**Student:** 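First, the structure itself, so that you have it in front of you.
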Amino acid sequence: MSSQHPAPAGQAPRTRSTTSPWARLSNHLDENTDGYGPLRGTLPTGRITMIWLAANLVVTTLLTGTLFVPGVPWATALGLILLGTLLGGAVLVLVGNMGTRTGLPTMALTKGAFGLRGSFLPVAANVVVLMGWSWVQAMLAGVTVNHVVAQATGFSSPVLFSVLAQLVVVGLAIFGHTGIARVEPWLALVILAIMAWIFVVAFTTHPVGDFLALPADPSAGWTAVSVLDVVIATAISWTVLSAEFNRLARTQSAGVIGSAVGYTLSTTLAMALGATAIAWVVLEGGEAVPFDPTVIVEAFGAPLAVVVFLSVMATNTMVVYGMVSSVVNMVPSSRLRFLPTALVLGAISVVGATWLGLLGQFTAFLTVIGALFVPVFAVMLADYYVVHKGSYDADILRGRGGKYWYRGGVNAAAVLTWLVGAGSSLLLTYVLASPVGATIPTFVISFVLYLAWAAAARRIRTDRPVSRHLADSIPGGDAEPEATGARR
C-alpha cells in the first residue's frame, strides 16, 4: 500500500502512502470508536457528576419546564419536577450501574434479556429516538439563531438555520466529538452561571409570593399526573445513554453517586428554570408560549441565545455520535463502518431538521419514548438484577450461541413483554385514565410480567454468582476476543 522514494545517504527510504484520505479517515474513526467490547472505567465521582451535569443542562430540558406553567401552579410544577426526576433517575442510575459493573454500553446490555439478535429491536428503537432528539435540538438551535438574525437584519429562515446547525453537528460528530466531550463539562459551568442570573432577575423583579399566587390555567391541558409522566419520560430518554456514560466510572459508587447527583441536579435546575422563566413572562404581562426558545431569549436577552446555541451544539453532537455508534455496534463484526454510517444517518438528520412541526408535537414525542423504553428498561433491570443476580458473563460478547442465544438469538418472552408494556403505556395515556399516570404502571406491569415468565420457566438463578467486569474475561483485560470479531 505504499511506494518508496530515494532518501539522502544514511537515512531510511521515505514512503508515500497510497491510501486515500477517505480510507485513512474511515480507519481512524473505526479504530477510535468506543464499541461493542467492555471498557474499564477510570473516572472518579466528581468527573462522572460533571458529565451528567453537563448532559442535561440543555435547552430541551429547560423548555420542557415551560410546558407546565401556567397549566399547573408554579409550586406544584416544581414539586412534580423533583419527584419525577427522582423516580425516573432511579431507573437511569440502575441501568448505568450495569454499565459500570460490566463495561458494556446500554444497547449491548439489552442482549442479556432480549437475546443476541432480539436486541436489534431496542437498538432500532433507540436510533429512532435519538434521531428525533437530534431533529428537535437542531430545530431549537435554528429557531434561536433565526430570531437573533431576524432582529438584527430582518432576514428570517428558521428552516435554513436549522439545517445549517445540523450540518455543523454532523461534522462535529465525525471529526470533533472527543473535543466536545472534554469541553461540555466546562460549558455546564457557564450555563449554571447564566441560570443563576436568570433566577436572580426573576426573583428580584417579582417576589416569590407572586409566583406562588399565579393562577393555574386548566385550558392549557396539563394535570399533575401528565406533568409527572413527562418528567419521568425525560429521565427514560436519557437512560438510553446511561451505561455509555457510567461504564467510564472507576467504581460502582463513583457511577451511582455521580449519575444520581449530576442528573438530579441538572434536570431539576433546568426544568425549574423553564417553569420559573415562563411564569415570569406571564407576570410581566406576556403570553406563555410553551417550548419556544425565542420567548425566553426575548425576555432575557441575546447572551441567553448564545448559551442556547452552544449547549445544543454540544449535546446534539453527542446524540448523533451515540446514534451512529449504536448502529455500527449492533453486531460483533466490522461489516458496518463508522464514516459511511455517520454520513447516511447524518443526511437523514439534516433532512429531518426541516420538519419544524415536530416542535409542536414534543409532548407526544416524549410519550412515544416512554412507551418504547419504559418496558425495555423494566425487562433489563428484572433480568440483570433478579433473574441473573447481577451478573452477565462473557457469552454476552458472542456473535451467536451461548446462554444469551435463547431460541434463534431471540428471547421471545422479553419481546412479548416489551410489546405488552408499550401497549399498556399507550392505552393508559390515550384511552384509560390512570390516577398515577402511564409510566409507573407500565414499568410495574413489564417488570412483574417478565419475572413471572422467568419464574415459570425456572430461569431465575438460585446461586449467588460473583459479578466480574467483562474485561476480566478477555485476554489482555481490555479487548474483545478475536473469535467474536467485535470492535472497540
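Side-chain atoms are counted along with the backbone in the values below, which use heavy atoms only and exclude waters and symmetry mates. Computed from a predicted model, the values in this text were never measured in an experiment.
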**Student:** Restricting to non-hydrogen atoms, name the atom on S162 and the atom on M139 that form the minimum distance, rounded to 0.1 Å.
**Tutor:** OG-CA, 3.5 Å

**Student:** Are W405 and D395 linked by a side-chain donor-acceptor pair shorter than 3.5 Å?
**Tutor:** no

**Student:** For the pair I296 and L62, evaluate side-chain contact (heavy atoms from CB on, under 4.5 Å) and give the outcome as yes or no after the intermediate values.
**Tutor:** CA-CA 10 Å; I296 57 175; L62 187 155; 3.4 Å; yes

**Student:** Test V240 against F373 for side-chain contact (heavy atoms from CB on, under 4.5 Å), laying out the working first.
**Tutor:** CA-CA 8 Å; V240 299; F373 279 101; 3.9 Å; yes

**Student:** Of all heavy-atom pairs between L381 and M98, which one has the smallest distance, and what is that distance?
**Tutor:** CD2-SD, 4.0 Å

**Student:** Side chains of N316 and S134: any donor to acceptor distance under 3.5 Å?
**Tutor:** no

**Student:** Quick check for you: to the nearest 0.5 Å, what is the distance between L53 atom CG and S266 atom OG?
**Tutor:** 5.5 Å

**Student:** OG1/T60 to CG/L359 distance, rounded to the nearest 0.5 angstrom?
**Tutor:** 11.0 Å

**Student:** Quick check against the 3.5 Å criterion: does T268 have a side-chain atom that pairs as donor or acceptor with the backbone of L265?
**Tutor:** no

**Student:** With heavy-atom distances below 4.5 Å as the criterion, would you say the side chains of S259 and L92 are in contact?
**Tutor:** yes

**Student:** Indicate the atoms forming the closest heavy-atom contact of P293 with V143, along with that distance.
**Tutor:** CG-CG1, 4.1 Å

**Student:** Would you check if Y450 and V386 make a side-chain contact, meaning some heavy-atom pair closer than 4.5 Å?
**Tutor:** no

**Student:** What distance do W135 atom CH2 and I348 atom CD1 have between them, rounded to the nearest 0.5 Å?
**Tutor:** 8.0 Å

**Student:** Atom OG1 in T363, atom CG in D229: separation rounded to 0.5 Å?
**Tutor:** 11.5 Å

**Student:** Hey, are N97 and Y384 close enough side-chain-wise for a donor-acceptor pair under 3.5 Å?
**Tutor:** no

**Student:** So do L104 and L397 actually touch side chain to side chain, heavy atoms under 4.5 Å?
**Tutor:** yes

**Student:** Salt bridge between D472 and R40, side-chain N to carboxylate O under 4.0 Å?
**Tutor:** yes

**Student:** Knowing that exactly one of V410, T417, V376 qualifies, which makes a side chain to side chain contact (heavy atoms under 4.5 Å, CB included) with F114?
**Tutor:** V376

**Student:** How far does CG of L372 sit from CG of L426, to the nearest 0.5 angstrom?
**Tutor:** 8.0 Å

**Student:** Can you measure from CG (L228) to OG1 (T439) and round to the nearest 0.5 angstrom?
**Tutor:** 7.0 Å

**Student:** More than 12 heavy atoms of other residues, nucleotides or ligands under 6.0 Å from CD of Q252: yes or no?
**Tutor:** yes

**Student:** Do you know which two heavy atoms are closest between A243 and P105, and how far apart they sit?
**Tutor:** CB-C, 3.8 Å

**Student:** Within the 4.5 Å heavy-atom criterion, are V387 and W453 side-chain neighbours or not?
**Tutor:** no

**Student:** Take W238 and T267 through the test side-chain contact (heavy atoms from CB on, under 4.5 Å) and record every step on the way to the result.
**Tutor:** CA-CA 11 Å; W238 278 104; T267 303; 5.7 Å; no

**Student:** List the atom of I396, the atom of A108, and the distance in Å for their closest heavy-atom pair.
**Tutor:** CD1-O, 4.0 Å

**Student:** Mark yes when over 12 heavy atoms from residues, nucleotides or ligands other than R461 sit less than 6.0 Å from its CZ; otherwise mark no.
**Tutor:** yes

**Student:** Using every non-hydrogen atom in the two residues, find where Y392 and L109 come nearest and quote the distance to one decimal.
**Tutor:** CE1-O, 4.1 Å

